[in-house]
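The block underneath contains the structure these notes are about, expressed in structure tokens.
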Amino acid sequence: MSEHINNIPTVYNPREVETKWYRHWEESKYFSAKVEKDKKPFCIVMPPPNVTGQLHMGHALDNTLQDILTRWRRMQGYNALWVPGTDHAGIATQAKVEEQLAKESLAKYDLGREKFLERVWDWKEQYGNRITTQLRSLGASCDWDRERFTMDEGCSKAVLEVFIRLFEQGLIYRDYYITNWCPQCQTTISDIEVEHQDKPGQLYYIKYPAKDNPEEYIIIATTRPETMLGDVAVAVNPEDDRYLHLVGKSLILPIVGRELPVIADAYCDPTFGTGAVKMTPAHDPNDFEIGRRHGLPELQVIDKQGNMNEQAGKYQGLDRWECRKQIVRDLEALGALVKVEDMSHAVGHCYRCNTAIEPMLSKQWFVKMKPLAEPAIEAAKDGRIKFIPERFTKIYLNWMENIRDWCISRQLWWGHRIPVYYCQDCDEMVASVTPIKECSKCGGKVEQDPDVLDTWFSSALWPFSTLGWPDKTPELEQFYPTSVLVTGRDIIFFWVARMIFSGLRFMEEEPFKEVFIHGLVLDSQGRKMSKSLGNGVDPLDVIESHGADSLRFMLITGNTPGNDLRFHFERLDGARNFANKLWNASRFAMMNLGDYDPAARGSEYTLADRWILSRLQGAVTEATDYLERYELGEAARVLYEFSWSEFCDWYIELAKPRLFGRTTPEDRVTAQHVIVQVLRETLELLHPFMPFITEEIWQKLPHQGESIMLTNWPKPEATLRDETAEGEMAVLIEVITAMRRIRGEMNVPPGKKAEAILVAIDESFRGILNRNIAYLQSLANAEVTVLTELKEEPDQAASAVTRGVEVFMPLRGLIDIDKEIARLNKELKAVQADLARVQGKLNNEGFLAKAPSDVVEKEKAKAEELGMKATALQERVKMLSA
RNA sequence: GGGACGUUAGCUCAGAUGGUUAGAGUGCUGCGUUGACAUCGCAGAGGUCACUGGUUCGAUUCCAGUACGUCCCA
């Protein structure tokens, strides 16, 4: 034994190993994909994380899944391209920089647009590679030479191109419209950026007296009394008898005194509140719609900071919440407040800063969605795009079918500026890829729209902008449509849907064939990880303490596609222990390969050899099938069980006598061959899941080639499939386990050699036992005799009955007869219960007549076997009781 | 209000086109350092597969409803 091998530590330490191999892979350009027409493409575009963000567990999961798929397909011989990149994240990034400026007591206006943008670019330079470095430590095998950024030259060109085309096709329009205004972020946001949260609130009932008859009034229920300052009408349901006589007449708005027409609109729900709704078109989206139908004026009373404006009269300057309190007091004083009820209602909040959204009128840019949505619906319906799991198709379709126009302008500076120019002298408005200085109509001075586009506008183009669009590149030719998109379920509407309609529109082909949706990583109590709760787990801490392989393995096991996953540190330990198990199995192999010669001829395969090679083929087949179906967790489980419960627990133990030279030198050679082959293939199968440790071990083992990354994904070898060997091993495992159980229950010290008599009437069973008696002796530490039948009952023997074999272990002086009888009785009871159930079926005529014959046969065989077992157990109990 | 998902061992989760001895990890109990590994080994205990009906020869699995939980949409 060489010193070198003794130096392999018994505990695997991932830290140096991981950085070492990642650097090697990246420097060797193993992640780079070139356009190769004759190779089958496999392409994933990475959901771009926020450029100045940090890696969180969601990223870790998402990118682990993508890396597994990419490494696996690459090993299968695909031309695998995984395109990485980052997103400029308009609101979030701008907010960060504004925060920084605030520390210097500066606002962005102090710098002006240009200087401010310089600061943001500086910020991006400073933090922009943080997350990509973090992705490297996770092991992501993406092609960094093709890394992109949503605001780089190419992506920006694509954004401009798309905007202009949609504009020219009439699918982008500008309108004075009600949108969601965030008073904190100082910008509009799109409908899906609004999060509805149920909040406790009050429903205020207010009297609106009739103009003609001060005695008569309508009671209005509202949760937002401060908006009454912007009321322009009252609406009732046209079927509502209570109010019909007032339709067309007027009410007087309390406090203000304004005259409000009563209108009839089917929108009003007669059963909610009082059935009469005050109309505030400038501050409520529903009122806005109704207002447009009825040609109502739009009176704005709240400003962009969320304060009451000059239209609010004496309330001007109050913020919306203070104003509400004051209005309520004033209404009370007037006697106009009828009652106040507590109720919970949904309030829209900004998904970035969690400020309550203020619906607000303003001029914004929109994308007309209907014409874009239709083909996107078709593509999912006819299966050109498949969601995994399938149920997300419905969620997607439901949203697409009810889609509203997309507000794409943002009142920010950081982003793609809207390429539209307005003439200062005439009404001319021009959209142009290249900057325009003067009006083509009147020659007047033009100014560009100050707003930028929604960040998602650029990410919607990601699958083709990253491949070179609008140019016709060879990359687009080979890799578009991409193979699969991997992302979280929280982002289907934001991103997936928009990529689909954009891809269909501009590439005339779906952007990906499959969408693999995963759940969220929750904390151990099932809550979302969030900064405010402080319950987040930093993937980098985990990589530091347990290694990236363990993190990856933990994230994808014990979980199924589309379902959320709770983060438990215990599970992380389990993954690390598995890595350590692999490490030690290979350590053992190394210790016995000092003289290994791949060309040496050995003896014939033993049963154990044939068995493990056959089981390996099963593992290859199953793991590959699961991967094809995106069941990555199941694939990992198969490999975990094969390597731990079969290879380590049984094969290595069975091979030890040969490896230790207790038999012939040729036997040792064969055992070496098998252990090397099985271990190496196991590592290859595990490589996509645990890239680092598998590379480290693979490199230490006898191997050919530069890296495990470049090996071929194992294919099942039909000639190595051996059902006979699997059947025989199953018998041996059952018998050995039975012997061990007796030893354990009778407290035979592990070091003490026991005696065992195995009785098998069936010749084939005897054959199995006799041929493999060495295995039985070594793994049960027993002296074994095989008999056809028991000539005389051994004195004081404990026993067990397995399929086809009876096990006796004479234990003079060690056996506790009562305990043994109890044990046998317990087993007997279980067997009898099973037997009763099986016989119940066989006595049922309906079952015999209607069940398929193979099922009936199976039950019959089971009954016979259980019957024999029961008889044997009964006999044993009788014998001992005598 | 509409919808999706979940409810299986103490905990976290798998699973079966309907017939299996219903599994894994972890935790628990007992024994243990046998020339890879105590981040380990051997053995064991632990489940009315949420509830109620229906379909069926047979349901934990399919269908309907109920309860509880999580989430999405409005």
Side-chain angles (χ1 to χ4, degrees), chain A residues 1 5 8-12 191-192 194-196 269 271-272 285-286 346 348 389 391-392 394-395 398-399 402 489-490 492-493 519-520 522 524 526-528 546 550 554 557-560 562-592 631 633-634 637 640-641 644-645 648-649 652-653 656 659-660 675 736-753 778-781 823 830-831 833-834 837-838 840-841 843-852 854-856 858-859 862 866:
Chain A
M1 207 68 44
I5 281 159
I8 299 179
T10 60
V11 172
Y12 172 62
D191 292 336
I192 53 172
V194 176
E195 282 179 357
H196 293 273
D269 176 1
T271 63
F272 180 81
N286 295 314
R391 67 173 187 273
F392 288 103
K394 247 163 94 181
I395 294 175
N398 183 50
W399 186 74
N402 295 296
R489 61 172 171 73
D490 52 334
I492 295 175
F493 305 143
L520 273 36
L522 307 174
S524 60
R527 302 172 305 181
K528 261 190 194 176
H546 286 72
S550 298
M554 174 272 183
T557 47
N559 166 256
T560 33
N563 289 343
D564 291 347
L565 156 92
R566 290 191 193 198
F567 191 97
H568 285 274
F569 282 95
E570 297 80 25
R571 297 200 33 238
L572 202 52
D573 290 340
R576 179 201 54 192
N577 295 352
F578 178 52
N580 204 52
K581 188 72 182 177
L582 291 174
W583 180 252
N584 277 291
S586 72
R587 185 168 175 271
F588 172 79
M590 302 296 300
M591 289 170 72
N592 291 285
E631 298 266 8
E634 285 296 283
R637 183 188 55 78
Y640 177 97
E641 278 172 9
W644 199 320
S645 309
C648 290
D649 287 351
I652 287 183
E653 294 308 319
K656 274 179 181 175
L659 284 171
F660 294 159
I675 212 164
I736 289 167
T737 304
M739 291 195 282
R740 285 170 172 173
R741 184 164 50 232
I742 291 172
R743 293 185 64 117
E745 283 176 17
M746 295 299 139
N747 292 318
V748 181
K752 188 181 157 117
K753 201 161 196 112
S778 72
L779 292 198
N781 193 23
R823 197 176 62 83
V831 170
D834 280 347
R837 213 188 41 202
V838 172
K841 278 188 194 177
N843 292 337
N844 180 337
E845 282 182 25
F847 175 73
L848 294 176
K850 296 190 178 174
D854 59 317
V855 173
V856 176
K858 228 169 102 188
E859 293 298 316
K862 207 192 289 173
L866 287 168

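Naming convention: chains lettered A, B, ... in sequence-line order (proteins, then strands); numbering from 1 in each chain.
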Under 3.5 Å on both distances, the Watson-Crick or G-U partner of [N]:
N     : value
B:C42 : B:G30
B:G6  : B:C68
B:G58 : none
B:A16 : none
B:G35 : none

Return the value, rounded to whole Å, for the distance between atom [atom1] of [X] and atom [atom2] of [N].
X        : N     : atom1 : atom2 : answer
A:Phe588 : B:A38 : CZ    : P     : 15 Å
A:Asn286 : B:A74 : CG    : P     : 11 Å
A:Asp490 : B:U70 : CG    : C1'   : 15 Å
A:Arg527 : B:U70 : CZ    : P     : 13 Å
A:Asn398 : B:A4  : CG    : C1'   : 10 Å
A:His196 : B:G3  : NE2   : P     : 19 Å
A:Arg637 : B:A24 : CZ    : C1'   : 7 Å
A:Glu641 : B:C13 : CD    : C1'   : 13 Å

Could you check which of [options] has an atom nearest any side-chain atom of [X]?
X        : options             : answer
A:Ala851 : B:C57, B:A4, B:C42  : B:C57
A:Ile652 : B:A36, B:G44, B:A4  : B:A36
A:Val11  : B:U39, B:U21, B:C42 : B:U39
A:Phe847 : B:A74, B:C57, B:A36 : B:C57
A:Ile395 : B:A4, B:U21, B:A36  : B:A4
A:Tyr640 : B:G19, B:G25, B:A36 : B:G25
A:Asn844 : B:A4, B:A36, B:C57  : B:C57

What interatomic distance, in whole Å, is found between [atom1] of [M] and the corresponding atom of [N]?
N     : M     : atom1 : result
B:U61 : B:G18 : C1'   : 6 Å
B:A24 : B:A45 : P     : 12 Å
B:C51 : B:G6  : C1'   : 15 Å
B:U55 : B:G65 : C1'   : 15 Å
B:G58 : B:C72 : P     : 43 Å
B:U39 : B:U52 : P     : 46 Å
B:G46 : B:A59 : C1'   : 24 Å
B:G23 : B:A9  : P     : 14 Å

Fit a plane to each ring of A:Phe493 and A:Trp399, take the angle between them on a 0 to 90° scale, and name the class: parallel (under 30°), tilted (30 to 60°) or perpendicular (over 60°).
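Taking A:Trp399 first and then A:Phe493, their aromatic rings lie parallel (interplane angle under 30°).
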[N], OP1 or OP2 - any side-chain N/O from [X] closer than 4.0 Å?
X        : N     : result
A:Arg566 : B:C13 : yes
A:Lys656 : B:A36 : yes
A:Lys862 : B:U21 : yes
A:Arg741 : B:G44 : yes
A:Asn402 : B:G2  : no
A:Trp399 : B:A74 : no
A:Asn584 : B:C40 : no
A:Lys581 : B:C37 : no
A:His568 : B:C11 : no
A:Arg571 : B:U12 : no
A:Lys841 : B:U20 : yes
A:Thr560 : B:A14 : yes
A:Thr557 : B:C13 : no

Quick one: on RNA chain B, does A:Asp573 or A:Phe493 contact a more 5' nucleotide (nearest heavy atom)?
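This one resolves to A:Asp573.
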5′-ward residue of the pair A:Glu631/A:Glu745 relative to RNA chain B:
A:Glu631
Does the [X] side chain pair with the main chain of [Y], one donor and one acceptor, at a distance under 3.5 Å?
X        : Y        : result
A:Arg489 : A:Leu520 : no
A:Asp564 : A:Gly519 : no
A:Asn844 : A:Phe847 : yes

Taking the side chain as C-beta and beyond, is there a heavy-atom pair between [X] and [Y] under 4.5 Å?
X        : Y        : value
A:Arg576 : A:Leu572 : no
A:Tyr640 : A:Thr557 : no
A:Asn781 : A:Arg740 : no
A:Met739 : A:Ile742 : no

Any base atoms under 4.0 Å from [X], or only sugar-phosphate, or nothing? Heavy atoms, all strands.
X        : value
A:Ala585 : base
A:Arg743 : nothing
A:Asp649 : sugar-phosphate
A:Glu195 : nothing

Is the count of non-hydrogen atoms from other residues, nucleotides or ligands lying under 6.0 Å from A:Lys528 atom NZ greater than 12?
no
Verify the neighbour count for atom NZ of A:Lys858: are there more than 12 heavy atoms of other residues, nucleotides or ligands below 6.0 Å?
no
Would the base of B:A24 count as contacting A:Glu634 through its side chain, where contact means a donor and an acceptor less than 3.5 Å apart?
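Side chain to base: no pair below 3.5 Å.
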